[in-house]
Amino acid sequence: MSKRAHNFCAGPAALPTAVLQRAQAEMLDWQGRGLSVMEMSHRSDEYVAIAEKAEQDLRDLLGVPSDYKVLFLQGGASQQFAEIPLNLLPEDGVADYIETGIWSKKAIEEGRRYGNVNVAASAKGYDYFAIPGQNEWQLSKDAAYVHYASNETIGGLQFDWVPEVDDTPLVVDMSSDILSREIDVSRFGLIYAGAQKNIGPSGLVVAIVREDLLGRARSACPTMLNYKVAADNGSMYNTPATYSWYLSGLVFEWLKEQGGVAAMEQRNKAKKDLLYKAIDGSDFYSNPIQSSARSWMNVPFRLADEKLDKAFLEGAEARGLLNLKGHRSVGGMRASIYNATGLDAVEALVAYMAEFEKERG
Ligand SMILES: *Cc1c(COP(=O)(O)O)cnc(C)c1O
């Protein structure tokens with residue numbers, strides 16, 4: 001078998017090797033039918049079974065209650081930034097947004113194109129190193145929804161709590177931490193996640209929406225962006241991203257084999273503990289995020305001397321530790337350690353960090 005590097009890419013991110021091998025084995029001839037999943041009609045019995053199994057496995061993994069629809073949509077998470085207000089924000093209404101970094105800011109900017117957006121809290125006052133506690137939030141009285149991003153993929157800032165918003169629908173961008181730890185879906189009105197971090201190939205976006213929120217779309221909402229249309233058509237109003245959906249289904253099966261979300265949570269905790277311990281135990285590496293708000297999935301870190309960044313990245317690449325360069329807006333390094341990136345990868349990274357510090361620090 002060809003060698004697989006340790007891939008720390010923020011997205012599109014590593015996929016489990018076992019999943020890719022299965023896709024490879026099924027590529028030309030899916031289960032003896034003599035064709036690839038990519039070549040199947042989305043209306044065929046075979047494909048509908050694949051799609052339904054993926055949905056059921058995701059429901060099992062997250063414990064999705066029966067009064068929620070699971071939608072397999074397109075356009076990535078960014079399209080949801082428009083889709084959410086078009087579906088849930090009345091023209092004369094107001095929506096509350098929590099700003100904790102670049103992704104939630106993008107959602108705010110797009111939301112403003114469609115109506116009144118109240119930024120109820122911002123991490124700006126903490127230089128995006130901490131999340132404002134709910135006692136600091138200025139929520140509106142009759143907000144159509146409250147939107148936040150549970151994990152800021154670029155800044156490495158993650159909620160370790162779920163906001164309390166009474167009867168207001170809670171809308172969450174879980175693109176980079178869905179399926180990484182256990183959640184109570186019933187706390188949310190809408191959960192959405194671009195697939196390419198913790199689910200599958202890019203382009204696909206999964207939305208889990210409480211049924212009472214369907215049917216509220218504005219008349220100007222494009223048919224393709226209307227949640228109710230998607231729900232009424234089993235996410236097949238048009239041709240869905242069939243192969244991405246299938247591959248995501250393979251990831252869900254793999255997750256179940258691994259012991260489900262609870263097992264992933266334990267593994268992810270061990271991974272992030274090891275990496276933050278290495279950072280905190282050194283004067284050469286640093287991460288500025290308040291400990292309770294540190295992301296389990298995306299760990300940005302800096303070298304004491306940024307002139308060494310290039311050498312660090314070159315040495316990493318030579319050892320098969322790929323995609324550690326931080327986002328261009330932040331600089332430094334970032335290790336994304338989603339479900340498919342194992343403890344062995346983090347161990348290899350930590351060993352390299354110690355070696356580099358000894359030689360160059
Ligand atoms: C990656 C990401 C997005 C954007 O996803 P696209 O599929 O590229 O649109 C949005 N929000 C978060 C939290 C992300 O990590």
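Numbers here are sequence positions counted from 1. For clarity, every value in this text was computed on a predicted model and none was experimentally measured. Order of listing sets the numbers, starting from 1, for every ligand and every atom in it.
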Between Lys269 and Glu265, does any NZ, NE, NH1 or NH2 come within less than 4.0 Å of an OD or OE carboxylate oxygen?
no

Output yes when the distance from some N or O of ligand 1 to some N or O of Ala77 is under 3.5 Å, and no in every other case.
yes

Near Thr153, which atoms of ligand 1 are under 4.0 Å from a heavy atom of that residue?
12 (C), 13 (C), 14 (C), 15 (O)

Mark up the atoms of ligand 1 that fall under 4.0 Å of a heavy atom belonging to Gly76, in ascending order.
7 (O), 9 (O)

Stepwise salt bridge (Lys or Arg N to Asp or Glu O under 4.0 Å) test for Lys228 and Asp232
CA-CA 6 Å; Lys228 187 170 189 314; Asp232 289 348; 2.7 Å; yes

Write out the residue and atom name of the closest protein heavy atom to atom 8 (O) of ligand 1, then the distance separating them to 0.1 Å.
Gln196 NE2, 3.3 Å

Heavy atoms only: which of Leu204, Asn198, Asp173 is nearest to atom 12 (C) of ligand 1?
Asp173

Just heavy atoms, cut-off under 4.0 Å: does Lys197 contact ligand 1 by side chain, backbone, both, or neither?
side chain

Does any donor atom in the side chain of Asn118 or Ser140 lie under 3.5 Å from an acceptor atom in the other side chain?
yes

Of the backbone atoms (N, CA, C, O) and the side-chain heavy atoms from C-beta on, which set of Ser78 has a member under 4.0 Å from an atom of ligand 1: side chain, backbone, both, or neither?
both

Test side chain to side chain contact (heavy atoms under 4.5 Å, CB included), reference Glu99, set Glu152, His147, Lys105, output is Lys105

Do you see a donor-acceptor pair shorter than 3.5 Å between the side chains of Glu26 and Tyr246?
yes

What I want to know is whether Asn151 and ligand 1 share at least one N or O pair that is separated by under 3.5 angstrom.
no

Whether the Gln196 and Tyr338 side chains hold a donor-acceptor pair (N or O, under 3.5 Å, no angle test) is what I'd like checked.
no

Answer with yes or no whether Gln80 contacts ligand 1, where contact means a heavy atom under 4.0 Å from a ligand atom.
no

Between Arg113 and Glu110 (salt bridge meaning N to carboxylate O under 4.0 Å), is one present in this structure?
yes

